[in-house]
Amino acid sequence: MKLLEDRIKEDGIVLEGNVLKVNSFLNHQIDPDLMAAIGQEFAKLFKDQGITRILTVESSGIAPAIMVGYALHVPVVFARKKKSSTLNEAVYSAEVFSYTKNVLNTISVDQKFLTASDKVLIIDDFLANGQAVLGLIEICRQAKADIVGAGIVVEKSFQKGADLIKKAGVHLESLARIEAFVDGQVKFVEE
Ligand code: G4P
């Protein structure tokens, strides 16, 4: 998605350890026009597939997920990382290890918001090692929901996440695919 790649080139900052800082427009301060365009793009990529729910994980997956849900007119569910005081026992849950943050989270979704009759589109902002999306896939499988695909805003293609998701049999669409960081610049995968 050219608009997104251009914005990453302009405002993204490459940090030590192959981390791309995009907090001026994607995951801290948010550009709503760019996010709306991201929602439209995913809606186009996954149109006519009978999607009934968008599934993401808090916190920075929520913004793109809402925009996709708005474009497709379907509800958006986000997995929680902390137990909500109103979340009862009836949850689907998965363990997600964050390599970048070196922390293990249990993510969970109330069973009433995901059912065997759902066709789910998983959305997340970053795909690196794939643990977050694999956790969401696990939750869909517990619910016996059908997974239509996974939509990622920024894929770091040099990390193992994309392969793991494809190996899990899930159709993957990423709007920006980063091949490498070279001298502080972002090199995108050539389509
Ligand atoms: P994964 O997201 O594919 O599971 O891989 P990984 O374990 O490496 O990533 C852990 C967290 O770090 C994720 O956020 C992910 O979005 C974020 N992350 C990974 N690479 C980058 C990067 O280059 N730039 C930025 N800005 N973030 C990156 P999270 O733990 O789910 O937290 P949240 O921010 O969504 O709350």
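Everything numeric here is computed off the predicted structure, so don't read it as measured data. One-based numbering, in listed order, for ligands and for the atoms of each.
For ligand 1, one of its N or O atoms has an N or O atom of Ala132 under 3.5 Å away. At a 3.5 angstrom cut-off on N or O pairs, Gly130 counts as close to ligand 1. At least one N/O-N/O distance between Ala128 and ligand 1 falls below 3.5 Å. For Ser59, a nitrogen or oxygen atom sits less than 3.5 Å from a nitrogen or oxygen atom of ligand 1, counting backbone and side chain alike. When only interatomic distances are considered, the shortest N/O to N/O separation between Leu20 and ligand 1 falls below 3.5 Å. By the 3.5 Å distance cut-off applied to N or O atoms, Gln159 is not counted among the residues near ligand 1.
Of the listed residues (Glu155, Gln159, Lys160), just one forms a side-chain hydrogen bond (donor to acceptor under 3.5 Å, both in side chains) with Ser157, and that residue is Glu155.
For ligand 1, the atoms sitting less than 4.0 Å from at least one non-hydrogen atom of Phe97 are 7 (O), numbered in the order shown with element in parentheses. Close approach of ligand 1 to Lys156 (heavy-atom distance below 4.0 Å) involves ligand atoms 20 (N), 21 (C), 22 (C), 23 (O). Within the listing of ligand 1, atoms 26 (N) sit less than 4.0 angstrom from a heavy atom of Asn27.
Ring orientation note: the planes of Tyr70 and His73 are tilted relative to one another, at an angle of 30° to 60°.
Heavy atoms only, all atoms of each residue included: Lys81 and Ser59 are closest at NZ-N, 4.2 Å.
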| After noting the C-alpha distance and the side-chain angles of Asn23 and Gln29, does the key distance pass the side-chain contact (heavy atoms from CB on, under 4.5 Å) rule? | CA-CA 6 Å; Asn23 69 354; Gln29 174 170 263; over 6 Å; no

| task | Check the pair Leu121 / Leu55 against side-chain contact (heavy atoms from CB on, under 4.5 Å), numbers first and verdict last. | result | CA-CA 6 Å; Leu121 173 59; Leu55 179 65; over 6 Å; no

| field | Chi angles and distances behind the side-chain contact (heavy atoms from CB on, under 4.5 Å) call for Phe188, Val186 | value | CA-CA 6 Å; Phe188 292 101; Val186 180; 3.7 Å; yes

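Within 6.0 Å of the NZ atom in Lys166, the count of heavy atoms belonging to other residues, nucleotides or ligands exceeds 12.
In this structure, atom 18 (N) of ligand 1 lies nearest to the protein heavy atom Thr100 OG1, 4.1 Å. Considering only non-hydrogen protein atoms, atom 30 (O) of ligand 1 sits nearest to Lys101 NZ, 3.5 Å. Nearest protein heavy-atom contact of atom 5 (O) of ligand 1 is Asn129 N, 3.0 Å.
Across Ser98, Ser60, Ala63, heavy-atom proximity to atom 11 (C) of ligand 1 is greatest for Ser98. Counting only non-hydrogen atoms, the option in Phe126, Phe78, Tyr99 that gets closest to atom 27 (N) of ligand 1 is Phe126. Residue Lys81 holds the heavy atom nearest to atom 31 (O) of ligand 1 of all those in Gln131, Glu58, Lys81, Lys160.
Contact check for Leu26 versus Met35: side-chain heavy atoms found under the 4.5 Å cut-off.
For Ser24 and Asp11, the side-chain atoms include no donor-acceptor pair closer than 3.5 Å. Between the side chains of Thr115 and Ser117, at least one donor N or O lies within less than 3.5 Å of an accepting N or O.
Distance check for atom 13 (C) of ligand 1: every protein heavy atom is found at 4.0 Å or beyond.
Rounding to the nearest 0.5 Å places NZ of Lys47 at 11.0 Å from CG of Leu72.
Within the structure, ligand 1 has Val19 among the residues with a heavy atom less than 4.0 angstrom away.
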